[in-house]
2 protein chains.
Amino acid sequence: MTKINSPRETDEKGEGFLKSIAIDAVIFGFHNNQLKVLLIEYKRTGLFALPGGFIKDDEDVNSAATRVVNDRTGLDDIFLEQFYVFGDYSRYNPAQFKIIISAGGAAPPDDHWLLKRFISIGYYALVDFTRAKPTPAAIFDSCDWYDLGSMPTLIQDHSLIVDKALNTLRANLDHKVIGFNLLPGEFTMGDLQKLYETILGKKLLRPAFQRKMLALGILERVAKKWTGGAHKAPYLYKFINETIGFSSKQ
Amino acid sequence: MTKINSPRETDEKGEGFLKSIAIDAVIFGFHNNQLKVLLIEYKRTGLFALPGGFIKDDEDVNSAATRVVNDRTGLDDIFLEQFYVFGDYSRYNPAQFKIIISAGGAAPPDDHWLLKRFISIGYYALVDFTRAKPTPAAIFDSCDWYDLGSMPTLIQDHSLIVDKALNTLRANLDHKVIGFNLLPGEFTMGDLQKLYETILGKKLLRPAFQRKMLALGILERVAKKWTGGAHKAPYLYKFINETIGFSSKQ
DNA sequence: TCAAAAGTGTTTCCCTTACACCCATGA
DNA sequence: TCATGGGTGTAAGGGAAACACTTTTGA
C-alpha cells in the first residue's frame, strides 16, 4: 500500500506529507509495578512531548501510526488503536514549535508548514517493556520511559492526550482482551493482577481475579517458575491468540 | 471560539479551510420502528453520500461537526460523538468528486483542493426524528431519511462508515446512556424497548427491560397516555438529565 | 517449623432470567 | 366479556464477592 519515498519533516513546505494532520502516540509499558509512558525530549529546548509523526501522501493513517511506534520502540507486533482526535483551535501554539525548529538549526520562516495549525489523531499502544528499545530520532535529546505519576510537563495538550488515553485503556480493560500486550510472553497470575491493579488504580481480590482470567480461555499454563521468594512457586502463563499485531477487535 | 467569516467550499483553493481533513456524520433517527440515516444526494449525479463538511481555519473540530449536523437537521441540542478516523489511502477517489463538482458548474482544475486526498473524521449523531427538519444545501438534490436496510449505494467508503457507526452505537448502548436521544421528549417504555430492539437487532424481555431502565434512575414518569389501542394505557416517561447537548460522557 | 505467596474450594449474595399474574381499555 | 398491551410480583439460575483452607518453597 505504502510506496517508500522518504519525504523529510524538516522541509519547509512539508512536501510529501498531508498538511494539518499529525499523529500522537501514547505508548504504554509496564515495569516494576508501574505503568510507564514513552516520552521524547527535543534537543536543546527542555521540551518534552509524546512521540508523534506525520502521514505521507500515499500512506494509510494507521500505517503511519504503526511506523511512528516502530521508530521509537523497534517493535513490530504492537497493539495500537485510535482513541480520539484532538482538534480544538486552542491547541494551536506555533511559538513552541518555533523554539523546537530553531533549536535544530536556523529559525524557520513564518510560513513553515509545521507552524500552521495541526489536528492530532491520538493513538495508544501497549508494548512489552522488556522488548521495547526506546530509540530517539536525530532531533531528540532523549527517548525514555516515565512513570505516569512523575512525568515532566509536556508541550501543547499532550498531558490531556495521556489522560484520555489512560481513561480509554481503563474503559477497554474490562471488555476487550488487551492487558496481555503489556507483559512479556510468559508471566505469572500475580504479574497480570498487578498490571490490572495498576491500570485501574485499585486492589482486586486474588481468587476472583484468577478465576475470571482463566475463564476467558485465552491463557495457557506453561511451566513452573522458580523464584527467590520463600513461598510456593507460581505457574507461568502465556497468552494464546493468533490475532496479535494491529488489532481490529471491536 | 469560532470567528464567523464564512469561507466557501467551492473555492478552488479551499481558502479558509483546513486541507485534507473532512468530517462525515452518520445522523441516526428512529421512526416507525425503523432506524434511519440521513443521506444527501448531489445534484444531477445520482450520487448519494453522508452529510459532511470541512473545518474552518479557526474552528474547533467538534464545533465543525455540530455545525454540519445543525445545517442538515436544524437541531441544536444533539448528541454527537467521534467514533473513528477513516484514513486509508485506498479511499482516495478523485474521479467521483470531479463528477460532483462538474455537475455544479464548470469542470474543476486538476489542482482543485477537493480533488486532493482527504482523511475523514467520522461522527455519529442521535437525533429526535420528530424535531429534525432535513435541509438540503444548494448543491444537493435532496436530504432525506433512509432505512438502514434500504439505503442507496454511497460514494467512497461511506457505507463502511455507516456500518462502523452502527457497531459503535450498539456497543455503547449497553454502557452509556444514549438511546434516549433518538426519541421525542416523552415516550412510553414500549417505544424505548422497540428502539433498543431495533438497534440491537434482537428481541428483549419486557419485564427485565422495564426494570433495568427504571433502575438507571434517569427516567421520570410523567402522565398517563391515552391510546387508540384496546389495552391499558401506558405511562409516559421523560429523560431527566441536565447534561444534554454535546456530550463529553466517557 | 514458620512465614509468605500461590492455588483451589465453598458459601453467600445479588442481579438477571423466565414466567406468572393482575390491570386497564376499546372493540 | 374478551383480546391486547402494560405493569409488577416471584421463583430459579448463574456469576461475583468474601472467606477459608491447603500447598509449596526458602529462610
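We name chains A, B, ... by the order of the sequence lines, and we start the count at 1 in each one.
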[X] [atom1] to [N] [atom2]: how many Å, rounded?
X	N	atom1	atom2	value
A:Lys232	D:dA27	NZ	C1'	19 Å
A:Phe209	C:dT8	CZ	P	15 Å
B:Met213	D:dG7	CE	P	14 Å
B:Leu216	C:dC15	CG	P	13 Å

Which of D:dG6, D:dT25, C:dG7 is nearest the side chain of A:Pro234? It is C:dG7
Minimum-distance nucleotide to B:Ala233 side chain [options: C:dT25, D:dT4, D:dG7] = C:dT25
Identify the two heavy atoms, one from A:Leu219 and one from A:Ile240, that lie closest to each other, and give their separation to 0.1 Å.
->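 In terms of heavy atoms, the two residues are closest at N-CG1, 4.0 Å.
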Ion pair A:Arg131/A:Asp76, N-O distance below 4.0 Å | no
Salt bridge or not for A:Lys43 and A:Asp141, using N-O below 4.0 Å?
-> no
Start at the 5' end of DNA chain C and walk down; is the nucleotide closest to B:His231 or to A:Arg221 reached first?
-> A:Arg221
Report yes or no: is there a donor-acceptor pair, N or O only, under 3.5 Å between the side chain of A:Arg211 and the base of C:dG9?
-> yes
Sequence neighbours excluded, which residues qualify as side chain to side chain contact (heavy atoms under 4.5 Å, CB included) partners of A:Thr130?
->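 Only A:Asp128, A:Pro184 meet the side chain to side chain contact (heavy atoms under 4.5 Å, CB included) criterion with A:Thr130.
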Output yes when at least one side-chain N/O atom of A:Gln210 is less than 4.0 Å from OP1 or OP2 of C:dT8, else no.
-> yes
Give a yes/no verdict on a cation-pi contact between B:Arg221 and B:Tyr237, requiring under 6.0 Å between NZ or CZ and the six-membered ring centre and an angle within 45° of the axis.
-> no
Using heavy atoms and a sub-4.0 Å distance, could you list which residues of residues 191-208 of chain B are near DNA chain D? By number, please.
->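 Close to the strand are B:Arg206, B:Pro207.
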B:Phe129 vs B:Trp145 aromatic rings, parallel, tilted or perpendicular, using cut-offs 30° and 60°?
-> tilted
